[in-house]
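For reference, the structure discussed in these notes is given below.
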2 protein chains.
Amino acid sequence: MPKVGMEPVRRKALVDAAMRVIGDHGSLTVTMSEIAKQAGVSPALAHHYFGSKEQLLIETVRHHLQRLRDSTVTAMRAAKTPREKLSAVIHVSFHADQFTPETIAAWLAFYAEAQRSEETRRFLVIYARRLRSNLLANLKALCPGEDAERIAEGAAAMIDGLYIRQSLRSAPISIEASIALTEDYINSLLAPLSAEAAVQRTET
Amino acid sequence: MPKVGMEPVRRKALVDAAMRVIGDHGSLTVTMSEIAKQAGVSPALAHHYFGSKEQLLIETVRHHLQRLRDSTVTAMRAAKTPREKLSAVIHVSFHADQFTPETIAAWLAFYAEAQRSEETRRFLVIYARRLRSNLLANLKALCPGEDAERIAEGAAAMIDGLYIRQSLRSAPISIEASIALTEDYINSLLAPLSAEAAVQRTET
DNA sequence: TATTTTTGATTGACTGATCAATCAATAAAA
DNA sequence: TTTTATTGATTGATCAGTCAATCAAAAATA
């Protein structure tokens with residue numbers, strides 16, 4: 001069976017398996033055996049390729065964030081105006097992929113893990129900054145910089161908060177409602193500022 | 001040494017110890033030994049009084065939520081108008097007690113745990129509902145019911161989101177800024193509705 | 001009051017299970 | 001033959017949970 005060049009195949013299979021196991025386990029307290037079994041290989045092979053459980057888990061977080069980033073870039077490219085780009089960022093954050101119970105569980109587990117693993121924390125900080133900065137960049141085109149900072153901060157918090165609330169599955173809000181709530185927030189805070197911003201836009 | 005009536009003393013000591021250990025450990029992956037040591041008793045005693053690690057952890061969540069609830073009730077009593085009560089709820093959510101790194105870490109750990117422990121999940125659902133309903137009750141006095149629901153949902157999400165973002169300690173927002181952001185949200189959404197609400201209030 | 005009995009508090013030592021990590025051995029391609 | 005892929009078996013550590021034994025206060029008894 002041993003064909004050459006299995007390494008990338010196995011790595012991907014193991015990372016995907018880890019994601020699935022973490023997802024329906026709802027926690028990072030998963031065993032290498034479970035992950036390996038899910039990937040259809042022996043636990044020893046997982047160690048062979050990743051060196052340690054922690055490394056495998058870190059690769060899993062990285063891969064997860066990479067996918068989210070790719071989606072965001074694509075969605076923002078497709079949008080034309082700053083306001084449309086803003087909506088694109090929100091939509092991606094609530095895209096079905098990222099919003100399934102398993103994925104939400106995985107995110108929560110990552111957040112909890114970040115309290116212990118410096119590397120996991122770094123990844124999540126990058127995510128948080130990226131979300132904020134994607135919002136900020138487009139908001140700056142719509143209102144004064146200081147207001148943009150505030151609104152970006154608030155919108156990012158709201159997005160993350162809707163996530164965490166979704167995880168409890170109590171009175172679950174639909175994806176559309178979550179998006180509407182966030183859009184509503186931005187619109188409402190933007191409304192009294194739009195006149196000034198319009199002036200600013202013509203000036204730059 | 002064995003004086004009678006130690007049970008309540010030990011239970012409290014162990015729950016407090018658990019909270020501290022979870023806090024600086026940043027996770028619910030703590031051992032009974034650590035907790036017992038922190039409480040100054042033997043691991044066996046912790047088992048004696050709580051039966052299992054899970055039970056001790058559940059009591060810890062319960063105690064934590066109880067304290068938050070008490071603070072909220074007190075703060076709301078002190079406030080007069082609905083708008084003031086609204087601010088009171090927000091202030092309690094961001095009160096220094098609840099906003100220290102250790103406490104935030106504990107909350108995150110609880111959220112992650114809720115994916116596995118049905119009882120923990122139930123407690124958090126109660127918290128989420130209570131927050132939402134405290135906001136909702138007072139908002140209903142300030143705007144039409146449907147709008148109140150939306151705004152309550154959004155404000156609750158924002159509060160939780162600010163929490164989770166705080167946990168990453170990247171570009172940490174101050175407590176005051178977090179409060180301001182939430183108040184700002186409510187004010188902005190309320191502004192265009194206040195006229196109608198005033199009419200409704202006189203009608204009822 | 002003095003003595004014995006009972007009861008609650010407490011622990012050290014132990015058990016069984018779980019798991020990450022290691023390693024030597026095997027099998028197939030190059 | 002050399003290299004890469006792969007695994008079964010094993011080790012060592014960590015823990016939750018158990019248990020029998022100890023100790024001292026309180027209650028009962030003489």
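Below, read A as the first sequence line, B as the second, and so on, with proteins coming before strands; counting in each chain starts at 1. Only heavy atoms go into these numbers, but all of them, side chains included; no hydrogens, no water, no symmetry mates.
When atom types are taken as modelled, the side chain of Glu59(B) and the backbone of Leu56(B) share no donor-acceptor pair closer than 3.5 angstrom. Side chain of Lys85(B) to backbone of Asn138(B): no donor-acceptor contact under 3.5 angstrom is found.
A cation-pi arrangement is absent between Arg62(B) and Phe123(B) under the rule of less than 6.0 angstrom and at most 45 degrees off the ring axis.
Judged by closest nucleotide on DNA chain C, Ala46(B) is the one of Ala46(B) and Gly51(A) placed further toward the 5' end.
For the pair Arg11(B) CZ and dA9(C) C1', the interatomic distance rounds to 14 Å; values are reported in whole Å. Atoms OH (Tyr49(B)) and C1' (dT10(C)) sit 8 Å apart, rounded to a whole Å. Between Leu45(B) atom CG and dG8(C) atom P the separation is 14 Å, expressed in whole Å. Protein atom NE2 of His47(B) is 18 Å distant from nucleotide atom P of dA9(C), rounded to whole Å. Counting to the nearest Å, the C1' atom of dA21(C) and the CD1 atom of Ile35(A) are 14 Å from each other. In this structure, Leu56(B) places its CG atom 10 Å from P of dG17(D), rounding to the nearest Å. Atom pair Met6(A):CE and dT6(D):P shows a separation of 5 Å (rounding to whole Å applied). Rounded to an integer number of Å, the gap from CE of Met32(B) to P of dA13(C) is 20 Å.
In summary, the side chains of Ser87(B) and Arg83(B) do present a donor paired with an acceptor at a separation below 3.5 Å, with no hydrogens or angles considered. Side chains of Glu34(A) and Thr31(A): a donor on one and an acceptor on the other come within 3.5 Å.
In this structure, Val9(B) reaches neither bases nor backbone, as no heavy-atom distance under 4.0 Å exists between it and the strands shown. Residue contacts for Phe50(A): at a heavy-atom cut-off of 4.0 Å it reaches no nucleic acid atom on any strand shown. Within the nucleic acid shown, Thr31(B) comes within 4.0 Å of sugar-phosphate atoms alone, with no base atom in reach, counting heavy atoms only.
Which of dT10(C), dT6(D), dC23(C) sits closest to the side chain of Arg10(A) comes down to dT6(D). The side chain of Ala44(B) sits closest to dC19(D) out of dC19(D), dG17(D), dT7(D). Checked against dT7(D), dA5(D), dG17(D), the side chain of Lys53(B) finds its nearest nucleotide in dG17(D).
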